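Keep in mind the model is a prediction, meaning the values are calculated, not measured.
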Amino acid sequence: MSFAGGTEAIDGQQRVSNTIGATPTTSKHSKPVSQPVDSHSVSRRLQSELMSLMTRGDPGISAFPDGENIFSWIGTIKGSSGTVYEGLSYKLSLRFPTEYPFKPPLVKFETLCFHPNVDQYGNICLDILQDKWSSAYDVRTVLLSIQSLLGEPNNDSPLNNHAAALWSNQEEFKKVVHKQYKDAGGVIRRD
């Protein structure tokens, strides 16, 4: 489950100290001491990330809490220009665990997305959402990485084998993407 694309989106994030996610231990040979969950600090972090996301104004990405629950967000990603997803807008759900940022959010496509690394249920195969997660990442990093993934899939680790096989024929791939998007009620924008 590796991912080559989207590294530009996280380069700046990786400069943050790697000790943020370190688990304290009592001695060299003892087991790690578990950290108590402080939902108030997680809530503060998410509020800070929301403000940062709103003030940066990155093109083609946005996310906001879904109602009053700061642990549940709705995100939007627009396909980048020059890709088969250009003009398409995808809705995502983001669910943050109480251990965030030490554990990644659960992110799923809510809009049907035909892509090699997205299954029929909206699950996403992206390493930073699984085994390569770092507490230095934030919502912006996640959204930019998924946006980049749209145009640069990892066909070595597909969730959708049909999409992975079709990827090399961009004309046919685009036809399938647009047909599924329209069938799901999406409107293709020609900006």
Side-chain angles (χ1 to χ4, degrees), residues 1-14 49 53 56-64 66 72-97 100 103-134 137-191:
M1 294 211 202
S2 63
F3 171 61
T7 55
E8 304 82 30
I10 59 176
D11 282 347
Q13 299 294 328
Q14 291 176 334
E49 288 188 27
L53 192 62
R56 288 187 92 132
D58 292 297
I61 63 167
S62 66
F64 300 94
D66 186 15
S72 177
W73 292 25
I74 297 295
T76 304
I77 293 179
K78 294 183 180 176
S80 299
S81 69
T83 71
V84 296
Y85 298 95
E86 182 176 359
L88 309 183
S89 181
Y90 291 91
K91 182 177 168 184
L92 300 124
S93 61
L94 296 91
R95 306 285 180 260
F96 299 91
Y100 182 80
K103 289 193 177 176
L106 173 63
V107 184
K108 293 177 72 171
F109 276 90
E110 295 299 322
T111 306
L112 184 62
C113 181
F114 183 75
H115 188 276
N117 304 116
V118 180
D119 71 13
Q120 65 185 358
Y121 306 107
N123 297 308
I124 305 166
C125 181
L126 179 62
D127 61 356
I128 70 161
L129 293 176
Q130 288 134 15
D131 59 326
K132 301 291 185 193
W133 175 256
S134 165
Y137 298 153
D138 60 10
V139 174
R140 177 179 176 268
T141 304
V142 169
L143 294 176
L144 288 172
S145 295
I146 295 171
Q147 186 182 46
S148 180
L149 180 70
L150 286 178
E152 301 172 30
N154 178 5
N155 281 329
D156 294 333
S157 184
L159 283 180
N160 182 330
N161 290 321
H162 176 59
L166 196 56
W167 179 258
S168 61
N169 184 341
Q170 288 288 281
E171 189 176 313
E172 282 303 311
F173 190 91
K174 184 175 182 174
K175 286 179 186 175
V176 174
V177 167
H178 284 221
K179 180 180 182 333
Q180 284 193 3
Y181 188 80
K182 286 179 186 175
D183 288 352
V187 176
I188 300 171
R189 300 189 59 106
R190 311 273 185 221
D191 296 335

Exercise. Begin from the C-alpha positions of Leu92 and Leu143 and carry the test side-chain contact (heavy atoms from CB on, under 4.5 Å) through to its verdict.
Key: CA-CA 9 Å; Leu92 300 124; Leu143 294 176; 4.2 Å; yes
Minimum heavy-atom separation for [X] to [Y], with atom names?
X: Gly75; Y: Leu94; result: N-CD1, 3.7 Å
X: Ser89; Y: Lys78; result: OG-CG, 4.1 Å
X: Pro153; Y: Trp167; result: CD-CZ2, 3.3 Å
X: Ile188; Y: His178; result: CD1-ND1, 3.1 Å
X: Tyr137; Y: Glu49; result: O-OE2, 4.5 Å
X: Ile128; Y: Ser145; result: CD1-OG, 3.5 Å

Can you tell me how far [atom2] of [Y] sits from [atom1] of [X], rounded to the nearest 0.5 angstrom?
X: Leu150; Y: Ile146; atom1: CG; atom2: CD1; result: 8.5 Å
X: Leu149; Y: Thr83; atom1: CG; atom2: OG1; result: 11.0 Å
X: Leu166; Y: Glu171; atom1: CG; atom2: CD; result: 11.0 Å
X: Asn117; Y: Phe109; atom1: CG; atom2: CZ; result: 9.5 Å

Quiz item: Checking Asn154 side chain against Leu126 main chain: does a donor-acceptor pair fall under 3.5 Å?
Solution: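 Here the side-chain-to-backbone pair does not exist.
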Quiz item: Would a distance-only check, ignoring hydrogens and angles, find a side-chain to backbone donor-acceptor pair under 3.5 Å from Asp119 to Leu159?
Solution: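 Flag not set: sc Asp119 to bb Leu159 has no pair under 3.5 Å.
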Heavy atoms, side chains only, cut-off 4.5 Å: are [X] and [Y] in contact?
X: Gln147; Y: Ser80; value: yes
X: Lys108; Y: Asn123; value: yes
X: Ile124; Y: Val107; value: yes
X: Leu88; Y: Thr111; value: no
X: Ile61; Y: Leu53; value: yes
X: Tyr90; Y: His115; value: no
X: Asp66; Y: Trp73; value: no
X: Lys91; Y: Ile74; value: yes

For [X], check side-chain contact (heavy atoms from CB on, under 4.5 Å) against everything at least two apart and list the hits.
X: Ser81; result: Glu86
X: Leu112; result: Gln180, Ala184
X: Ala164; result: Pro116, Asn155, Pro158

Quiz item: For Phe114 and Phe173, what are the C-alpha separation, side-chain angles and deciding distance, and is it a ring pair (Phe, Tyr, Trp, His ring centres under 6.0 Å)?
Solution: CA-CA 9 Å; Phe114 183 75; Phe173 190 91; 5.2 Å; yes
Quiz item: What's the verdict on side-chain contact (heavy atoms from CB on, under 4.5 Å) for Phe64 and Thr76, showing C-alpha distance, side-chain angles and the deciding distance?
Solution: CA-CA 9 Å; Phe64 300 94; Thr76 304; over 6 Å; no
Practice problem: Carefully, step by step, assess Val142 and Leu129 under the rule side-chain contact (heavy atoms from CB on, under 4.5 Å). | Solution: CA-CA 8 Å; Val142 169; Leu129 293 176; 3.9 Å; yes
